[in-house]
There are 2 protein chains.
Amino acid sequence: MLARKIADSTVRRLAIYLRFLEEFEHQGAGTVSSEALAARAGTTSAQVRKDLSFFGSFGKRGLGYDVHALAVQLRTILGLTRRYHVILVGAGRLAGALVQYAEFGARGFDIVAAVDRDPAKIGTRWGDLVIGNVADLEKIVQREQIEIAILVAPADAAQALVDRLVSAGVSAILNFAPVQLHVPHGMDVKNVNLAVELETLSYALQHRGST
Amino acid sequence: MLARKIADSTVRRLAIYLRFLEEFEHQGAGTVSSEALAARAGTTSAQVRKDLSFFGSFGKRGLGYDVHALAVQLRTILGLTRRYHVILVGAGRLAGALVQYAEFGARGFDIVAAVDRDPAKIGTRWGDLVIGNVADLEKIVQREQIEIAILVAPADAAQALVDRLVSAGVSAILNFAPVQLHVPHGMDVKNVNLAVELETLSYALQHRGST
DNA sequence: TCCTGTGAATTAGTTCACAGCG
DNA sequence: CGCTGTGAACTAATTCACAGGA
């Protein structure tokens, strides 16, 4: 669909622009400048225009961007014009928090299954989601036509679970386990490591004052 | 303490190297090569050596790095040789998950307080943490000598809370609210947006096949 | 006139490649 | 000989600056 390889940083910013466009849309704004979007997103107007220019020319010179039309474009670019079935692999507290995370549903990500290996958890419910047995992982992935997995399992179990997810047909993984996952070419993995985020803060705290 | 400005990506990788060093240490390995570290961390040996070289020469040519000594160095660099008092601003499910997150404590981040605005939550306990009233935010920050805040509050409340945190003396914020926070120069803010992570995956899913 | 779209310039980050030390 | 440490080369990302259309 697209010639050039787009930087991850660009894709992230597009997702952020979309948030603010929706906010503007809600406030009834018809049009928005790259400058205004940049201010909200914490970047520069040149960056906004460059990011958008990889995908087309959506603005009107002298005017800016039509808020609604640009939102539609960004949803198309980001693949948010349809819904995705998501499984939670691991049913700990973090998984429980993610189930409730309204923003996922609002963006088209439906958490339709959760599994765990703890017999005490299997069969219990989170709203209308029944926690399944991890032994049935492949069956559940296929039955529910799951494309995305959120991995919130212990580090030592992670790779084996990923191998099973891959062979069951999952094509993207959001990984919260602090390990480097190995997946076949073409699969997409995104790592989130909350402890690492805190550590970059402690680094910054320590190296402050050199301003 | 350091002349050059170090890239965020470098600091993150150092935190990741530290994880694997501790694992190696646990397994009784005395020495490790940049190649072995890189394999675990999902990067290249040149990257590992370059990252470390910003801070000093920690290896022995022909041998590699002493696992324990390098771990000590990285903890020093990252500011992990002491403990930090952390407050959770917002006591929703995500906050509840973070309280339990063992890795935080293991790295020196002690969650010593949590506040919320919901009267139904105020006074309830999570382990030995009593949820306080957000009205007392400044008092709590000062009493507990808090340096880092984890902001897990609704987007519309976020900026006002940040202003209060800043004036109460907090110096770093890990922000889960999907807004761009404005803080005075010198303050450190790190944003985590889980919906954006999923959206980069849906982008990747959609633009697959051009390989 | 205003603000986009975009090549060009700049800056940042990564990889190469090899000298040099243990 | 093996593996680090590091300039130099390269690649990627951001910012500049301005031509050009509404």
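Every chain is numbered from 1 and lettered A, B, ... according to where its sequence line falls, protein lines coming before strand lines. In what follows, every heavy atom counts, from backbone to side chain, and hydrogens, waters and symmetry copies are set aside. In this text the structure is predicted, and so the values were computed from the model without any measurement.
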Donor-acceptor under 3.5 Å (A/Arg164 side chain, A/Val134 main chain): yes
Sugar-phosphate only, base, or nothing, as touched by A/Ser9 at under 4.0 Å among non-hydrogen atoms: sugar-phosphate
Position toward the 5' end of DNA chain C (nearest nucleotide), A/Leu63 or A/Gly56: A/Leu63
Among D/dT6, D/dA22, C/dA8, the nucleotide that comes nearest once only the side chain of A/Lys60 is considered: D/dA22
Side-chain N or O of A/Ser34 closer than 4.0 Å to phosphate OP1/OP2 of C/dC3: no
Throw together a table of side-chain donor-acceptor distances under 3.5 angstrom for residues 92-105 of chain B, partners on residues two or more places apart or in other chains.
unit_1   : atom_1 : unit_2  : atom_2 : d
B/Glu103 : OE2    : B/Arg19 : NE     : 2.7
B/Glu103 : OE2    : B/Arg19 : NH2    : 2.6

Pair B/Glu197 + A/Arg12: basic N to acidic O under 4.0 Å: yes
Under-4.0 Å side-chain N/O to phosphate OP1/OP2 contact, A/Arg49 with D/dT15: no
Under-4.0 Å side-chain N/O to phosphate OP1/OP2 contact, B/Gln47 with C/dT15: yes
Base of C/dG20 paired with side chain of B/Arg61 (donor-acceptor, under 3.5 Å): yes
Cation over ring face, A/Arg13 and A/Tyr17, 6.0 Å, 45°: no
Phosphate contact (C/dG22 OP1 or OP2) by B/Tyr65 side-chain N/O below 4.0 Å: no
